[in-house]
Amino acid sequence: MIDEAFVRLGVRRTPQRFFIMEHLLTRPDHATAEDLWLALNRRHARASRATVYNTLHALVEAGLVREFALDGKAVRYDANLEKHHHFICDQCGAVEDIDWFETPPLKRSQSKGRIIRTCEVILRGDCHKCR
Ligand SMILES: [Zn+2]
Ligand SMILES: [Zn+2]
């Protein structure tokens with residue numbers, strides 16, 4: 001499935017690209033570049049941080065991975081391209097996916113002439129482990 005996506009989008013397959021895609025898809029914990037570097041190093045010793053950043057950049061450019069930042073902390077990477085919301089644990093900082101639900105449209109007095117295309121909600125609280 002990852003290889004198919006690489007071929008479809010014209011992304012050259014490298015072991016690092018495959019590893020990072022696989023990691024993001026199988027562990028949807030919204031890893032940071034640092035998390036991914038640590039994980040990659042366990043498999044491919046001496047992978048540099050630059051390799052991880054370059055790899056992530058290529059995957060984001062291809063539209064396979066989305067990057068987002070929360071609270072001004074490190075950028076996190078998400079390979080779940082389905083529409084979804086996020087939950088953040090106030091205790092441990094875990095970021096989890098929440099199934100998509102529609103949010104009520106803004107009133108005209110709120111959108112003030114802006115064109116609103118999507119609304120992604122961030123829910124906060126205690127995760128299963130911390131509650
Ligand atoms: Zn937690
Ligand atoms: Zn997500």
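Ligands are counted one by one from 1 in listed order, and the atoms in each one are counted from 1 as well.
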Item checked: Heavy-atom check, side chain of H86 versus side chain of F68, under 4.5 Å -> yes
Checklist line | N, O or S of E96 under 2.8 Å from the Zn ion (ligand 2) | finding: no
Checklist line | Partner residues of D90 under the salt bridge (charged side-chain N to carboxylate O under 4.0 Å, His left out) criterion, sequence neighbours left out | finding: R124
Margin query: So, using side chain to side chain donor-acceptor pair (under 3.5 Å) as the criterion, who are the partners of Q91 when residues are at least two apart?
Written below: D126
Notebook entry, point to check: What's the atom name of the N, O or S in D78 nearest to the Zn ion (ligand 2)?
Noted result: OD2
Next item on the list: Flag the pair R12 / F6 as yes when at least one side-chain heavy-atom distance between them is below 4.5 Å, and no otherwise.
Entry: no
Check: Roughly how far, to the nearest 0.5 Å, is the CG atom of L64 from the CG atom of L81?
Finding: 7.0 Å
Checklist line | salt bridge (charged side-chain N to carboxylate O under 4.0 Å, His left out) partners of E34, counting only residues at least two apart | finding: R49
Next item on the list: Would you name the N/O/S atom of D97 that lies closest to the Zn ion (ligand 2)?
Entry: OD1
Next item on the list: Mind checking the CH2-NE2 spacing from W100 to H85? Nearest 0.5 Å is all I need.
Entry: 4.0 Å
Checklist line | Opening angle at the Zn ion (ligand 2) [NE2, H86; NE2, H84; to 10 degrees] | finding: 90°
Note to self: With 2.8 Å as the limit, count the protein N, O or S atoms near the Zn ion (ligand 1).
What the structure shows: 4
Next item on the list: Evaluate the criterion side-chain hydrogen bond (donor to acceptor under 3.5 Å, both in side chains) for residue pair H30 and D97; output intermediate values, then yes/no.
Entry: CA-CA 9 Å; H30 304 81; D97 289 341; 2.7 Å; yes
